[in-house]
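Since the structure comes first, as structure tokens, the remarks are kept for the end.
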Amino acid sequence: MEKKVSKIGVLTSGGDAPGMNAAIRAVVRTGLYYGLDVFGIMRGYAGMIENDIFKMETRSVANIIQRGGTILKTARCKEFFEPAGRKKAYENLKKLGINGLVIIGGDGSFRGAQIFSNEYDIPCIGLPGTIDKDIAGTDFTIGFDTAVNTAVEAIDKIRDTADAHDRLFIIEVMGRDSGYIALHSGIATGAENILIPERITDINEVIDSLQEKEKRKKLVNLLVVAEGSELGGANEIAKVLKEKMPNADIKVCILGHIQRGGSPSCLDRLIASRMGYAAVECLMTGKDVNTMIGIVNNQLHYTPLDQAVKAEQTIDYEWLKIVKILAS
Ligand code: ADP
């Protein structure tokens with residue numbers, strides 16, 4: 001294969017997600033397979049600016065495919081928003097001869113990569129690493145499947161205790177701007193209702209439905225709420241419900257950061273491996289550079305970085321109808 005690059009850098013940036021290590025491993029091993037030098041850049045764009053960059057070998061990524069977190073660490077870096085910060089980063093890469101970059105992160109990281117690749121002659125490839133699944137141009141993001149399965153496991157446990165006491169549980173899952181974890185985990189655990197940022201929920205409708213169930217003695221109910229839901233997080237919703245349903249035994253559970261950790265699921269390892277491999281192929285051939293690699297209908301899909309950062313995935317509202325029907 002004709003080589004357009006000889007030395008590539010890989011970094012993880014922004015919010016962490018399980019499966020990032022599997023992606024790093026795929027980039028490193030594919031790069032080495034094709035005879036490239038591969039460099040690990042620590043703490044996202046911060047490491048690029050601070051020259052915290054090291055050469056990686058096959059053994060550098062041994063025994064990490066099953067580990068959560070990211071061996072390269074991740075960070076948010078204010079300096080990279082400034083032209084002076086990006087210039088410093090470029091000079092460090094230039095000194096090492098790095099002429100291709102793989103950025104594993106979310107839409108913020110891609111925005112940074114897009115600006116950087118417009119300013120300097122270093123092609124960038126983005127890999128969607130985020131538990132939120134809030135990026136257009138891909139059916140999957142690295143980390144979502146693991147996070148949602150962690151939520152499902154936790155909610156199943158909550159259902160056991162809710163059932164023992166006839167309680168209404170309001171469970172808050174991650175998702176400041178995106179309702180995918182709430183939607184998928186809520187459907188998979190038989191939630192009564194799912195509250196997400198993308199859709200305005202009429203709280204009176206939720207109350208009517210719960211009261212109707214109370215009358216029918218259906219006393220175990222789970223509401224799954226995304227942290228950024230239109231009506232607020234679980235605590236805010238509990239406050240409203242307690243006022244309107246004084247007899248109900250209402251509890252709140254906020255799942256929090258456990259959703260970010262843990263060993264990546266098989267699906268996350270698979271997509272991370274496939275995307276990491278494809279990223280190096282793009283840099284090698286010079287084809288489809290400055291894109292984000294996604295998977296759509298089981299095919300690799302390349303979205304220009306500027307489009308990947310603009311569009312969001314849209315929720316199929318039919319799922320919410322299914323929730324209502326199945327929770328009767
Ligand atoms: P995520 O990638 O998970 O969406 P952030 O939005 O925090 O996370 O972005 C990660 C990092 O990407 C930022 O800390 C910054 O270094 C870089 N970045 C984001 N937006 C821009 C931008 N408009 N210009 C330059 N760098 C950016």
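Note that ligands are numbered from 1 as they come in the structure, with each ligand's atoms numbered from 1 the same way.
Protein heavy atom nearest atom 5 (P) of ligand 1, with residue, atom name and distance: Arg76 NE, 3.7 Å. Closest to atom 25 (C) of ligand 1 among all protein heavy atoms lies Phe80 O, 3.4 Å. Counting protein heavy atoms only, atom 11 (C) of ligand 1 is closest to Ser13 OG, 3.7 Å. What sits closest to atom 8 (O) of ligand 1 on the protein, heavy atoms only, is Gly14 CA, 3.4 Å. Distance from atom 21 (C) of ligand 1 to its nearest protein heavy atom, with residue and atom name: Phe81 CE2, 3.3 Å. Residue, atom and distance of the protein heavy atom nearest to atom 2 (O) of ligand 1 are Ser109 OG, 2.5 Å.
In terms of N/O distances under 3.5 Å, ligand 1 is approached by Gly108. Checking only distances, Gly106 does come within under 3.5 Å of ligand 1, N or O to N or O. Taking any N or O of Tyr45, backbone or side chain, none lies under 3.5 Å from an N or O belonging to ligand 1.
Asn99 places a side-chain N or O within donor-acceptor distance of the main-chain N or O of Lys7, the cut-off being under 3.5 Å. Judged by distance alone, with hydrogens and angles left aside, the side-chain atoms of Glu198 form a donor-acceptor pair with the main-chain N or O of Gly179 at under 3.5 Å.
One side chain, Arg274 or Asn298, offers a donor N or O that lies under 3.5 Å from an acceptor on the other. No donor-acceptor contact under 3.5 angstrom links the side chains of Arg76 and Ser109, judged on distance only. Side chain to side chain, Tyr302 and Asn290 fail the donor-acceptor criterion of an N or O pair below 3.5 Å.
Under a cutoff of 6.0 Å and an axis angle of 45°, Arg199 and Tyr317 form a cation-pi pair. With a 6.0 Å cutoff to the six-membered ring centre and a 45° limit on the axis angle, Lys251 does not count as a cation-pi contact of Phe169.
In this structure, Thr130 falls outside the shell of residues with a heavy atom less than 4.0 angstrom from ligand 1.
Residue pairs satisfying the salt bridge (charged side-chain N to carboxylate O under 4.0 Å, His left out) criterion with at least one member in residues 46-68, sequence neighbours excluded, are listed as follows: Asp37-Lys55, Arg43-Glu50, Arg43-Asp52, Lys55-Glu57.
Under 4.0 Å from ligand 1, the heavy atoms of Ile115 that appear belong solely to its side chain.
Looking at Cys77, Ala113, Gly15, Gly112, it is Cys77 that brings a heavy atom closest to atom 15 (C) of ligand 1.
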